[in-house]
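A short write-up of the structure that comes next.
Start at 1 and go down the list; that is how both ligands and their atoms are numbered. Keep in mind that this is a model prediction, so the values were computed, not measured. FYI, side chains are in, hydrogens and waters are out, and symmetry mates aren't considered; it's all heavy atoms of this structure.
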Amino acid sequence: MKQILVTGGAGFIGSHLCSRLLKEGNDVICVDNLFTGSKRNIEKLLNNHHFEFLRHDVTKELLVEVDQIYNLACPASPVHYQYNPVKTMKTSVMGAINMLGLAKRVKARILQASTSEIYGNPNVHPQHEEYWGNVNPIGIRSCYDEGKRAAETLFFDYYRQNNVDIKIIRIFNTYGPNMSIDDGRVISNFIVQALKGEDITIYGNGTQTRSFCYVDDLVEGMIRMMNSQDGFTGPVNLGNPCEFTMLELAKKVISLTKSKSNIVYKPLPQDDPVMRKPVIEIAKKKLHWMPKIGLDEGLKKTIDYFETVVRNKEQ
Ligand code: NAD
Ligand code: UDP
């Protein structure tokens with residue numbers, strides 16, 4: 001049994017990670033300021049005496065005795081991370097410094113939830129870990145992209161300077177139950193719109209691509225990375241390489257929900273990446289990991305979840 005800290009543990013991915021770590025017999029401390037996360041995501045865990053929730057902001061120092069730290073605290077949807085961009089940057093940078101300082105002090109291993117966004121609007125396709133990216137440093141997505149890039153830099157500097165035991169994963173678009181209904185990300189938007197019979201909003205002409213990973217697959221990869229040996233630091237891409245256009249996704253959601261929604265086109269947000277698809281050869285080789293759940297299967301599980309959420313909201 002290990003003592004494990006999960007920052008951002010009440011969020012979408014964090015809540016799945018906490019559940020899985022508890023199931024494996026660990027003690028879990030979940031730290032979250034509930035900006036985009038919610039107590040509802042972890043309510044089933046609150047009675048478990050191996051689980052502890054601390055309402056805390058990672059931009060402030062924290063001292064807890066733990067063996068491992070998963071650093072996930074940071075809003076992930078463009079709508080939420082652009083709401084208070086200065087705070088987003090502080091969360092990534094000061095959060096990384098505080099958690100790395102904690103890891104150094106208590107000699108914990110620390111994993112950073114980095115992102116495919118560090119590749120920006122890529123001019124290499126698909127994206128492999130050696131690619132340095134094409135990021136606008138002064139755009140509306142920069143608070144997130146550059147914050148996450150700075151966090152990766154801090155991780156490697158603490159590793160080289162202080163021998164902190166680091167792991168970095170670059171997560172590609174992930175979806176599943178516990179995404180927030182008003183999160184603004186494409187899968188939650190399309191499913192909720194389809195279930196309510198509202199127009200499905202495609203930004204731009206819908207030819208931009210993303211590659212979607214179901215959350216259970218991602219969590220498996222995260223845990224494998226955290227427990228990997230031989231000083232393997234990453235960065236390692238974690239994502240599902242099956243690539244879809246947003247128009248294909250909209251049609252799939254309409255068909256799976258048997259919705260009568262129409263597709264409408266809205267302006268494309270600034271700096272929206274044109275394409276995104278991970279190369280996962282390093283994850284396959286080093287972690288013996290690859291995603292197992294295809295988009296149709298994952299969407300069905302996610303639709304089931306949102307059906308309940310939408311029904312409860314309507315009552
Ligand atoms: P989320 O918004 O559901 O979760 C983020 C959590 O962090 C929330 O619970 C939020 O309340 C918490 N948080 C935000 N600022 C905080 C602060 N200052 N102090 C403490 N807690 C804070 O998003 P998610 O999709 O679960 O993403 C989790 C992590 O994975 C993020 O770091 C994100 O950048 C990364 N990631 C996610 C995706 C994806 O597709 N979901 C892709 C790439 C990277
Ligand atoms: N998108 C869309 N309609 C929506 C929400 C998003 O067409 O209602 C598009 C968005 O412009 C982007 C893609 O879907 O091209 C993925 O957006 P998301 O916010 O989920 O993630 P990210 O852009 O960070 O990959």
Tell me the protein heavy atom at minimum distance from atom 8 (O) of ligand 2, and give that distance in Å. Asn189 ND2, 2.8 Å

Which ligand 1 atoms are under 4.0 Å away from a heavy-atom of Gly37? 8 (C), 9 (O), 10 (C), 11 (O)

State, without any angle test, whether Asn71 and Gln112 hold a side-chain donor-acceptor pair at a distance under 3.5 Å. yes

With respect to atom 1 (N) of ligand 2, which of Phe190, Tyr203, Phe172, Tyr144 exhibits the smallest heavy-atom separation? Tyr203

Presence of salt bridge, Arg170 and Glu152, under 4.0 angstrom: yes

Salt-bridge present (Glu220, Arg224; N to O < 4.0 Å): yes

Among non-hydrogen protein atoms, atom 9 (C) of ligand 2 lies closest to Gln208 NE2, 3.8 Å

For atom 18 (N) of ligand 1, grab the closest protein heavy atom and report residue, atom and distance to one decimal in Å. Asp57 OD1, 2.9 Å

Can you find a heavy atom in the side chain of Thr245 that is under 4.5 Å from one in the side chain of Thr209? yes

Near Gly11 (heavy-atom distance under 4.0 Å), the atoms of ligand 1 are 3 (O), 4 (O), 8 (C), 9 (O)

Given side chains that start at C-beta, do those of Val164 and Phe155 come closer than 4.5 Å, heavy atoms only? no

Side-chain heavy-atom pair Thr36, Tyr81 within 4.5 angstrom cut-off: no

Ligand 1 to Pro75, heavy atom cutoff 4.0 Å, flagged ligand atoms 2 (O), 14 (C), 15 (N)

Sub-4.0 Å atoms of ligand 2 with respect to non-hydrogen atoms of Pro78: 19 (O), 24 (O)

Indicate the atoms forming the closest heavy-atom contact of Val28 with Cys18, along with that distance. CG1-SG, 3.9 Å

Give the atom numbers and elements of ligand 1 that come within less than 4.0 Å of a heavy atom of Asn173. 40 (O)

Examine Met89 and Phe35 and state if one hydrophobic cluster contains both, with Ile, Leu, Val, Met, Phe, Trp and Tyr joined whenever side-chain heavy atoms are less than 4.5 Å apart. no

Are His128 and Tyr119 side-chain neighbours, meaning at least one heavy-atom pair lies under 4.5 Å? no

At a 4.0 Å threshold, what atoms of ligand 1 neighbour a non-hydrogen atom of Leu34? 11 (O)

How close does the nearest protein non-hydrogen atom get to atom 40 (O) of ligand 1, and which residue and atom is it? Thr174 N, 2.8 Å

Among all protein non-hydrogen atoms, which one is nearest to atom 3 (O) of ligand 1, and what is the separation to 0.1 Å? Phe12 N, 2.9 Å

If you have a sec, work out which protein heavy atom is nearest atom 13 (C) of ligand 2 and how many Å separate them, to one decimal? Met246 SD, 3.8 Å

For Arg185, state whether at least one heavy atom is located under 4.0 Å from any atom of ligand 1. yes

Between Asn173 and Arg276, is any pair of side-chain heavy atoms under 4.5 Å apart? yes

Please classify the Asn173 to ligand 2 contact at 4.0 Å (heavy-atom distances, strictly less than): side chain, backbone, both or neither. side chain

Quick one: look up the protein heavy atom nearest atom 16 (C) of ligand 2 and list residue, atom name and how far away it is. Arg210 NE, 3.6 Å

With a heavy-atom distance limit of 4.0 Å, tell me whether Arg170 approaches ligand 1 through its side chain, its backbone, both, or neither. neither

Specify the protein heavy atom at minimum distance from atom 8 (C) of ligand 1: its residue, its atom name, and the distance to 0.1 Å. Thr36 OG1, 3.1 Å

What I want to check is whether the side chains of Gln82 and His80 have a donor and an acceptor closer together than 3.5 Å. no

N or O contact, Pro273 vs ligand 2, cut-off under 3.5 Å: no

State whether Asp57 and Lys90 are salt-bridged, where the test is any N-O pair (Lys NZ or Arg NE/NH1/NH2 against Asp/Glu carboxylate O) under 4.0 Å. no

Counting only heavy atoms, tell me which of Tyr175, Tyr144, Phe172 gets closest to atom 36 (N) of ligand 1. Tyr144

At the 4.0 Å heavy-atom cut-off, does Glu117 count as touching ligand 2? yes

Any Arg141 heavy atom less than 4.0 Å from ligand 2: yes

Nearest-contact summary for atom 29 (C) of ligand 1 - protein heavy atom, Å: Leu72 O, 3.4 Å

For Ser77, state whether at least one heavy atom is located under 4.0 Å from any atom of ligand 2. no

Quick check: are there more than 12 heavy atoms from other residues, nucleotides or ligands sitting under 6.0 Å from OH of Tyr159? no

In terms of residue, atom name and distance, what is the protein heavy atom nearest to atom 26 (O) of ligand 1? Ile13 N, 2.8 Å

Options Ser114, Ala10, Gly147, Ala76, ranked by nearest heavy atom to atom 24 (P) of ligand 1, top entry: Ala76

With heavy atoms of Lys148 as the reference, note each atom of ligand 1 found under 4.0 Å away. 31 (C), 32 (O), 33 (C), 34 (O)

Can Glu43 and Arg40 be counted as an ion pair, charged N to O under 4.0 angstrom? no

Where on Asn71 is there a heavy atom closer than 4.0 Å to ligand 1, on the side chain, on the backbone, on both, or on neither? neither

Decide yes or no for Leu5 and Leu62: does some side-chain heavy atom of the first lie under 4.5 Å from some side-chain heavy atom of the second? yes

Using a 4.0 Å heavy-atom cut-off, which part of Asp272 comes near ligand 2: side chain, backbone, both, or neither? side chain

For Ala73, the ligand 1 atoms whose distance to one of its heavy atoms is below 4.0 Å: 7 (O), 20 (C), 21 (N), 22 (C)

Could you tell me if any non-hydrogen atom of Ala76 lies under 4.0 Å from any atom of ligand 2? no

One finds that the ligand 2 atoms under 4.0 Å from a non-hydrogen atom of Arg185 are 19 (O), 20 (O)

N/O donor-acceptor pairs under 3.5 Å from side chains in residues 277-286, not counting sequence neighbours:
from: Glu281; atom 1: OE2; to: Lys284; atom 2: NZ; distance (Å): 3.4

Report, in ascending order of atom number, the atoms of ligand 2 lying under 4.0 Å from any heavy atom of Ile202. 7 (O)

Using side-chain heavy atoms (C-beta onward) and a distance below 4.5 Å, is Val274 in contact with Asn121? yes

So the ring pair (Phe, Tyr, Trp, His ring centres under 6.0 Å) pairs with at least one residue in residues 167-190 (sequence neighbours excluded) are Tyr175-Tyr214

Let me know which of Asn41, Asn178, Leu21, Leu218 forms a side chain to side chain contact (heavy atoms under 4.5 Å, CB included) with His16. Asn178

Protein heavy-atom partner closest to atom 11 (O) of ligand 1 - residue, atom, separation in Å: Asp32 OD1, 2.6 Å

Under 4.0 Å between a Lys/Arg side-chain N and an Asp/Glu carboxylate O for Arg141 and Glu117? yes

Would you say that Val58 contacts Asn33 through its side chain, given a criterion of any heavy-atom pair below 4.5 Å between the two side chains? no

Within the 4.0 Å heavy-atom shell around His56, which atoms of ligand 1 are there? 19 (N), 20 (C)

May I ask you to identify the nearest protein heavy atom to atom 5 (C) of ligand 1, giving residue, atom name and distance to one decimal place in Å? Cys74 O, 3.2 Å

Note: Lys266, heavy atoms under 4.0 Å from ligand 2, region reported as neither

Do ligand 2 and Thr201 have nitrogen or oxygen atoms that lie under 3.5 Å from each other? yes

When distances are taken from atom 17 (O) of ligand 2, the protein heavy atom at minimum range is Val186 CB, 4.0 Å

At a 4.0 Å threshold, what atoms of ligand 2 neighbour a non-hydrogen atom of Gly184? 5 (C)

